[in-house]
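What you see is a predicted model; the values in this text were computed from it and never measured. As a basis for the values below, the full set of heavy atoms in this structure was taken, side chains included, without hydrogen atoms, waters or symmetry mates. Proteins come first, then strands; the chains are lettered A, B, ... in the order of their sequence lines, and each starts at number 1.
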Protein chains: 4
Amino acid sequence: MSAEKNKQQLKKELSYQNIVETATKLFAQNGYDKTSVDDIMKESGYSKATFYLHFESKDEFFLHLMDYRLKQFEEEFFKLFKPENNLKQTILNGLRLFFELTERDLWAPIFFEFWSHAMRNDMIKERMQDHYSKWIRLASSVFEQARSTENLPNTINTEAVASLIIALCDGFNLQNQINANLKIDVG
Amino acid sequence: MSAEKNKQQLKKELSYQNIVETATKLFAQNGYDKTSVDDIMKESGYSKATFYLHFESKDEFFLHLMDYRLKQFEEEFFKLFKPENNLKQTILNGLRLFFELTERDLWAPIFFEFWSHAMRNDMIKERMQDHYSKWIRLASSVFEQARSTENLPNTINTEAVASLIIALCDGFNLQNQINANLKIDVG
Amino acid sequence: MSAEKNKQQLKKELSYQNIVETATKLFAQNGYDKTSVDDIMKESGYSKATFYLHFESKDEFFLHLMDYRLKQFEEEFFKLFKPENNLKQTILNGLRLFFELTERDLWAPIFFEFWSHAMRNDMIKERMQDHYSKWIRLASSVFEQARSTENLPNTINTEAVASLIIALCDGFNLQNQINANLKIDVG
Amino acid sequence: MSAEKNKQQLKKELSYQNIVETATKLFAQNGYDKTSVDDIMKESGYSKATFYLHFESKDEFFLHLMDYRLKQFEEEFFKLFKPENNLKQTILNGLRLFFELTERDLWAPIFFEFWSHAMRNDMIKERMQDHYSKWIRLASSVFEQARSTENLPNTINTEAVASLIIALCDGFNLQNQINANLKIDVG
DNA sequence: TATGAATGAGGCTTCATTCAT
DNA sequence: GATGAATGAAGCCTCATTCAT
């Protein structure tokens, strides 16, 4: 009985995973609007109706996907990120890790797809604000901790600096999209 | 006869202008895919068919619009940009001007709309590459000129620095879209 | 074993009852076409597939439901209907009872739903013809019996009169659906 | 120029008429829910999109159709209805005319389709209330005028009587739908 | 030049029904 | 007996585009 249930459950989870992965890929490649539910389901090998077994609508799905991907990215980062005693080293670690993760799969295009929607949809905007708050808080805390071990001037607004570093990363990724030759040499 | 022709031409240019302005606004507000030709033409006050008098297709129109806007932005910038003897001052001037122009109208969202398409369409990607080349060349040249007057180390890759400064600006604008409180204090 | 079977049978009858009651309510509220099998089963608390354990299809189910409801209505009526020696009193009794039953539950809307389908489906039309035949026969027989006790002219077509009285009731119920203030003062 | 405009206008009116006529027929035959926009447009010989040139949605169209048909019915009735000095004659005239119009086209089924929706949609309910108010007012006024010429008891509630006569007509039409042999011999 | 009418193709969503468990 | 997963078919609606005037 429990095994049976497990089997059905597994089957559903499988289709779920499949849909999410496929959609991520297609959204990254063609954008949200140019990717139809039909496209997603044909590529996943399930019927269109199966999509609506899992999600209420295409829009609701996008929100879901965002949460899923953003959280996944954060988790992977936090799992691997190792702060060091040396501030510079910590920053370099962080940047290196960030760009590594970014290059995996099609993270950058899907991420800018999130951005694009955040500008026009308040619910999505909130999600992005939360996401950025987390990064800024992290970077900020690194600087704060470094205040005691390194000679950081007290006047430095750590949040502003964190924000700018993140801006730099995003802007770099943006340019990277149209100029793949661009290479950053972290360290 | 020539006067007549002139009149017609003027009229056509007027409707052209009108369409482009309206479309820019709507694309900025709702994005390319969520803005229909119908929307644009209803808002401009012309009939839908008039659109196809001016442009071959919606896609071709987007290319037009991009060229038009990008060129306009560049022209406004170059018209007002005043390099100074002092490098720092020149940079600050440039940044201040850039952010001023950026805040006008709905430049940032329409600009990221261009980005979004550049990632997926080679023709548009080329336009964006050209655009960025120009900015990088400009910034780069500023640094080169400064080499003689300021003590810039010869090892500095001026193109890389230019690229990073631009990345910073774009990244900042990106964050600004979801966090309007963000304020940069140039200078 | 027999007890077990009985238990199962009872269970099945229970779910059957439940489905029919729920469906009646939903059909009355929203109409047949606007009520999905899903709606019915969610509201009854059973799974969608259970529906097909009991019925072959939604259409076949509607037939079931009609028979069930029509018979139930007739039974309730005939159980309570008491013909009297006095014709007028008998008629008033009948009308009063009819309107009482009609006001219960959501009889009127579900009944007109039957009508709606009877106009377009021959099988359902037959059911309705049978139903009406019964009523007309009943009313007719009342008049016939009254011929001896009251001074009914022999020329009266009792079936036609019966038919018209029933028409009056239906028409009244119809108006009642959109004008709840309408009140008949039987007697 | 005016002629040209007229031609276009005529063309549009033609397609409009065509759609409305076809839809009336199909709604009468198969009911609103079982008639798709596709069905209507295939039968009218226009493309599906043309439907949305004229109407905002299928629902809005139904409202429109109702208004159109109800008004048409009323107009035809009032055009032909001739009140007489003799009350009985006037009533017979009215009934005869009513049943004549009712038998034309597929008035009865489409009319009960309106009813069916009126029970579940407030906007449609209002339309039907208005419609009935008109008939009751008409019949009522006939009785009022008859008070002076005929010996109508002052205690008669003319509105109630009007309402019941109309109920009778509707109920008769209802039965007529499933029993075409039913014939009323007015007069 | 300008436009209103018309459309084919496609997008999102729902639903009655089947089937493996 | 009961159910969750899955689906083919169909429904409503939108949109970029064409064409006759």
Side-chain angles (χ1 to χ4, degrees), chain A residues 1 3-16 33-41 45-59 61, chain B residues 7-9 11-12 15 33-41 46-59 61, chain C residues 7-9 11-12 15 33-41 46-61, chain D residues 1 3-16 33-39 41 45-59 61:
Chain A
M1 185 77 184
E4 266 178 38
K5 200 172 176 181
N6 232 339
K7 208 170 174 184
Q8 289 240 205
Q9 237 173 264
L10 245 60
K11 211 175 161 192
K12 187 165 188 184
E13 266 165 39
L14 188 68
S15 66
Y16 173 93
D33 288 301
K34 286 278 181 348
T35 303
S36 70
V37 173
D38 219 12
D39 291 340
I40 299 171
M41 299 315 285
Y46 292 86
S47 86
K48 223 190 315 185
T50 299
F51 181 87
Y52 292 92
L53 216 65
H54 292 287
F55 312 102
E56 278 196 356
S57 69
K58 200 190 171 192
D59 275 5
F61 171 62
Chain B
K7 219 174 176 180
Q8 289 256 202
Q9 236 173 269
K11 212 174 164 190
K12 188 165 183 183
S15 64
D33 287 298
K34 288 276 174 12
T35 303
S36 70
V37 173
D38 218 14
D39 291 339
I40 298 170
M41 299 314 285
Y46 292 86
S47 88
K48 216 190 322 185
T50 301
F51 181 87
Y52 291 90
L53 237 55
H54 289 287
F55 313 101
E56 275 195 358
S57 71
K58 199 188 172 193
D59 277 3
F61 169 62
Chain C
K7 221 174 172 181
Q8 289 255 202
Q9 235 172 272
K11 213 175 163 190
K12 188 166 182 184
S15 64
D33 288 298
K34 288 276 174 12
T35 303
S36 69
V37 174
D38 218 15
D39 291 339
I40 298 170
M41 299 314 285
Y46 293 86
S47 88
K48 217 191 319 187
T50 300
F51 181 87
Y52 291 91
L53 236 56
H54 289 287
F55 313 101
E56 275 196 359
S57 70
K58 198 189 173 194
D59 276 4
E60 189 251 5
F61 169 63
Chain D
M1 185 74 188
E4 267 179 39
K5 201 173 177 180
N6 232 339
K7 208 172 177 182
Q8 289 241 207
Q9 236 171 268
L10 245 59
K11 211 174 162 191
K12 187 164 188 183
E13 266 163 40
L14 187 67
S15 64
Y16 172 93
D33 288 301
K34 286 278 183 340
T35 303
S36 69
V37 174
D38 220 11
D39 292 340
M41 298 315 285
Y46 293 86
S47 85
K48 220 189 320 185
T50 299
F51 180 88
Y52 293 92
L53 216 67
H54 291 287
F55 312 102
E56 277 196 357
S57 69
K58 200 191 172 192
D59 276 5
F61 171 61

Asks: State the pairing partner of F/dT21; accept Watson-Crick or G-U wobble contacts with both distances under 3.5 Å, and report none otherwise.
Replies: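 For F/dT21, the partner nucleotide comes out as E/dA2, under the 3.5 Å rule.
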Asks: Using every non-hydrogen atom in the two residues, find where D/Leu53 and D/Lys12 come nearest and quote the distance to one decimal.
Replies: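 What the structure gives for the nearest pair is O-NZ, 4.4 Å.
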Asks: I need the minimum non-hydrogen distance between A/Asp39 and A/Lys34, along with the two atoms involved.
Replies: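 Between these two residues, the closest heavy atoms are OD2-O, 3.8 Å.
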Asks: Check DNA chain E against residues 49-59 of chain B and give the residues with a non-hydrogen atom under 4.0 Å, in numerical order.
Replies: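 Here the set is B/Ala49, B/Thr50, B/Leu53.
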Asks: How far apart are the closest heavy atoms of C/Ser47 and C/Met41, and which atoms are they?
Replies: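 Shortest heavy-atom contact: O-CE, 3.3 Å.
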Asks: For a quick test of reading the model, state the closest non-hydrogen atom pair linking D/Lys58 to D/Thr35 and the distance between them.
Replies: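 What the structure gives for the nearest pair is NZ-O, 2.8 Å.
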Asks: For residues D/Ser57 and D/Tyr52, report the shortest heavy-atom separation together with the two atoms involved.
Replies: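 Smallest interatomic distance, heavy atoms only, reads CA-CE2, 4.1 Å.
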Asks: Which residue, C/Lys34 or A/Asp33, contacts DNA chain E at a nucleotide closer to its 5' end, judged by nearest heavy atom?
Replies: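 Between the two, 5'-proximity favours A/Asp33.
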Asks: Nearest heavy atom decides the nucleotide; on that basis, is C/Ser15 or B/Thr35 closer to the 5' end of DNA chain F?
Replies: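 Here C/Ser15 is the residue nearer the 5' end.
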Asks: Only pairs with both distances under 3.5 Å count, Watson-Crick or wobble alike; so what is the partner of F/dG8 in this structure?
Replies: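 Checking every strand shown, F/dG8 finds its partner in E/dC15, with both distances under 3.5 Å.
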Asks: Find out whether C/Ile40 and C/Phe61 are in side-chain contact, i.e. whether some heavy atom of one side chain is under 4.5 Å from a heavy atom of the other.
Replies: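 They are in side-chain contact.
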Asks: To the nearest angstrom, how far is A/Met41 atom CE from E/dT13 atom P?
Replies: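 From A/Met41 CE to E/dT13 P: 13 Å.
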Asks: Less than 3.5 Å between a donor and an acceptor, one on the side chain of B/Lys48 and one on the base of F/dT17, is that the case here?
Replies: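 Indeed, a donor on one side and an acceptor on the other fall under 3.5 Å apart.
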Asks: Quick one: which of F/dA2, E/dC12, F/dT17 gets closest to the side chain of A/Val37?
Replies: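 Looking only at side-chain atoms, A/Val37 lies closest to E/dC12.
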Asks: What is the distance, rounded to the nearest whole Å, between atom CG of B/Asp39 and atom P of F/dC15?
Replies: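 From B/Asp39 CG to F/dC15 P: 7 Å.
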Asks: Without decimals, in angstroms, what is the distance between B/Ile40 CD1 and F/dA16 P?
Replies: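 Spelled out: CD1 on B/Ile40 to P on F/dA16 is 8 Å.
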Asks: What nucleotide, of F/dT7, F/dC12, F/dT3, holds the atom closest to the side chain of C/Ser47?
Replies: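 Between F/dT7, F/dC12, F/dT3, the one nearest the side chain of C/Ser47 would be F/dT3.
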Asks: Quick one: on DNA chain E, does D/Lys11 or A/Lys11 contact a more 5' nucleotide (nearest heavy atom)?
Replies: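 Closer to the 5' end of DNA chain E: D/Lys11.
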Asks: Measure centre to centre between the rings of A/Tyr16 and A/Phe55, then say whether the value is under 6.0 Å.
Replies: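 Yes, the ring centres sit under 6.0 Å apart.
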Asks: Grab the CG-C1' distance between A/Asp38 and F/dA10 for me, whole Å please.
Replies: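 Nearest whole value for this atom pair: 14 Å.
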Asks: Could you state the CG-P distance from D/Leu14 to E/dG4, rounded to the nearest angstrom?
Replies: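 Computing the D/Leu14:CG to E/dG4:P distance gives 19 Å.
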